[in-house]
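Everything on this sheet refers to the single structure shown next.
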Number of protein chains: 2
Amino acid sequence: MDPEAIRRSLEGRGLRCTAQRYAVMAFLMEHTGHPTAAEIFEAVNRADPRSSRATTYNNLRDLVQAGLVREVAVEGRAARFDAKGMRHHHFICDRCGKVEDVEWYDVPRPASGSLGKRILRECELIFRGLCSKCAPRQASR
Amino acid sequence: MDPEAIRRSLEGRGLRCTAQRYAVMAFLMEHTGHPTAAEIFEAVNRADPRSSRATTYNNLRDLVQAGLVREVAVEGRAARFDAKGMRHHHFICDRCGKVEDVEWYDVPRPASGSLGKRILRECELIFRGLCSKCAPRQASR
DNA sequence: GAATTATTTAGACTATATCTAACATGATAT
DNA sequence: ATATCATGTTAGATATAGTCTAAATAATTC
């Protein structure tokens, strides 16, 4: 992943490219497995530069606000993050909570009448069920 | 709402119809505004029977597992619940976090190839943006 | 390089949810 | 009816996830 590209995408959104912020963004781009904030914090701190927990959360918040990162809320579990690269939908495993990407396809928008005065920003599709690891186990219970 | 119908739906799922559990279910059926666990706990305790916090959470978990209640995870906020009555999609306000229902319409399923060995249970659509209350305010910032 | 602004930090704090172990209740069998 | 047993409830402790604060540091601008 090109470091300059990351720097540019941060600065293009009005965010300074600090070592800590860069580390969060780079980690998300290299690890597409939807890590939690805690996992990102740990990963970033395995090597220099160090980053405090507050900074990791701050940077995740900033990156989400800037539209570079997506947060996926998972019921009863910590939020998970991914860099907004290629568009995709999400599959969440009922059993282990894993979040996986599902190939993108267009989703029909709701009739404008049912939205009223609301302003629609985005439309996401979430599939639920059992991931390929959990499916066999569940079947045998 | 018919108390007998609630009792039957609980027992049909192997859950005893206790006063506390009934209260949670009845509250959710009467209040379609997606309350949080804390709100449900408070509401149930405004009148008899009393219910502890743990019981409220236990019952919500049981009801979700039984498929009678849906949990909607909202980023950075407490989970919200609704009785699974009529099928609907959800609209979540970026600004105030409110969860609103959007009229149901069918969503095309993913190509079976992109699901692999996963077992698909359901498919939900989440719209994001600004609710009708927040839309005007945001425009003027 | 001084001033300004954004960012980072450790640790306290808040919010949300789960766990524990004792007790109560409802269902079943005798 | 009463004993038995599984299910449900409870208060409070504990865990987990995330935010806040105020001081220190780093980046940017003048």
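Letters A, B, ... are given to chains in the order of the sequence lines, protein chains preceding strands, and every chain is numbered from 1.
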B:Tyr57 side-chain N/O to C:dT18 phosphate OP1/OP2 under 4.0 Å: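 No, because none of the side-chain N or O atoms of B:Tyr57 sits under 4.0 Å from OP1 or OP2 of C:dT18.
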What's the [atom1]-[atom2] distance between [X] and [N], to the nearest Å?
X	N	atom1	atom2	result
A:Gln65	C:dA6	CD	P	14 Å
B:Arg61	C:dC19	CZ	P	8 Å
B:Glu11	C:dA27	CD	C1'	11 Å
A:Leu60	C:dT7	CG	P	14 Å
A:Tyr22	D:dA27	OH	C1'	18 Å
B:Phe81	C:dA17	CZ	C1'	10 Å

B:Pro110 side chain near A:Glu103 side chain, heavy-atom distance below 4.5 Å: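 They are not in side-chain contact.
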Residues that A:His88 engages under ring pair (Phe, Tyr, Trp, His ring centres under 6.0 Å), provided they are two or more places apart: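 Ring pair (Phe, Tyr, Trp, His ring centres under 6.0 Å) check on A:His88 returns A:His90.
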Keeping the roles fixed (side chain from [X], backbone from [Y]), state whether a donor-acceptor pair exists under 3.5 Å.
X	Y	result
A:Arg13	A:Ala66	yes
B:Glu39	B:Thr36	yes
A:Thr32	A:Leu28	no

side-chain contact (heavy atoms from CB on, under 4.5 Å) evaluation trace for A:Ile40 with A:Leu60: CA-CA 9 Å; A:Ile40 295 166; A:Leu60 283 168; 3.9 Å; yes
Apart from A:Phe41 itself, residues in the same hydrophobic cluster as defined by side-chain heavy atoms under 4.5 Å: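 Members other than A:Phe41 - counting any ILVMFWY side chain reachable under 4.5 Å - there are none.
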Co-members of A:Phe91 in a cluster of I, L, V, M, F, W and Y side chains, linked at under 4.5 Å: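 Answer for A:Phe91: A:Val102, A:Tyr105, A:Val107, A:Leu115, A:Leu120, A:Leu125, A:Phe127, B:Phe91, B:Val102, B:Tyr105, B:Val107, B:Leu115, B:Leu120, B:Leu125, B:Phe127.
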Inter- and intrachain pairs under salt bridge (charged side-chain N to carboxylate O under 4.0 Å, His left out), touching residues 57-72 of chain B, at least two apart: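 Residue pairs passing salt bridge (charged side-chain N to carboxylate O under 4.0 Å, His left out), neighbours aside: B:Arg21-B:Asp62, B:Arg70-B:Glu122.
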Strictly under 3.5 Å: I want the nitrogen or oxygen pairs between protein and nucleotides 4-9 of chain D, one per line.
| residue | atom | partner | partner atom | Å |
| --- | --- | --- | --- | --- |
| D:dT7 | O4' | B:Arg16 | NH1 | 3.4 |
| D:dT7 | O4' | B:Arg16 | NH2 | 3.2 |
| D:dT7 | O2 | B:Arg16 | NH1 | 3.4 |
| D:dG8 | OP1 | B:Arg16 | N | 3.3 |
| D:dG8 | OP1 | B:Arg21 | NH1 | 2.7 |
| D:dG8 | OP1 | B:Arg21 | NH2 | 3.4 |
| D:dT9 | OP1 | B:Thr18 | OG1 | 2.5 |
| D:dT9 | OP1 | B:Gln20 | OE1 | 3.1 |
| D:dT9 | OP2 | B:Asn59 | OD1 | 3.3 |
| D:dT9 | OP2 | B:Asn59 | ND2 | 3.4 |
| D:dT9 | O3' | B:Gln20 | NE2 | 3.3 |

Touch class at under 4.0 angstrom, heavy-atom based, for B:Ala38 against every strand present: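 Nothing, no nucleic acid heavy atom in range.
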Identify the pairs formed between an N or O of the protein and an N or O of nucleotides 12-14 of chain D at a distance under 3.5 Å, and give each distance.
| residue | atom | partner | partner atom | Å |
| --- | --- | --- | --- | --- |
| D:dA13 | N6 | B:Arg53 | NH2 | 3.3 |

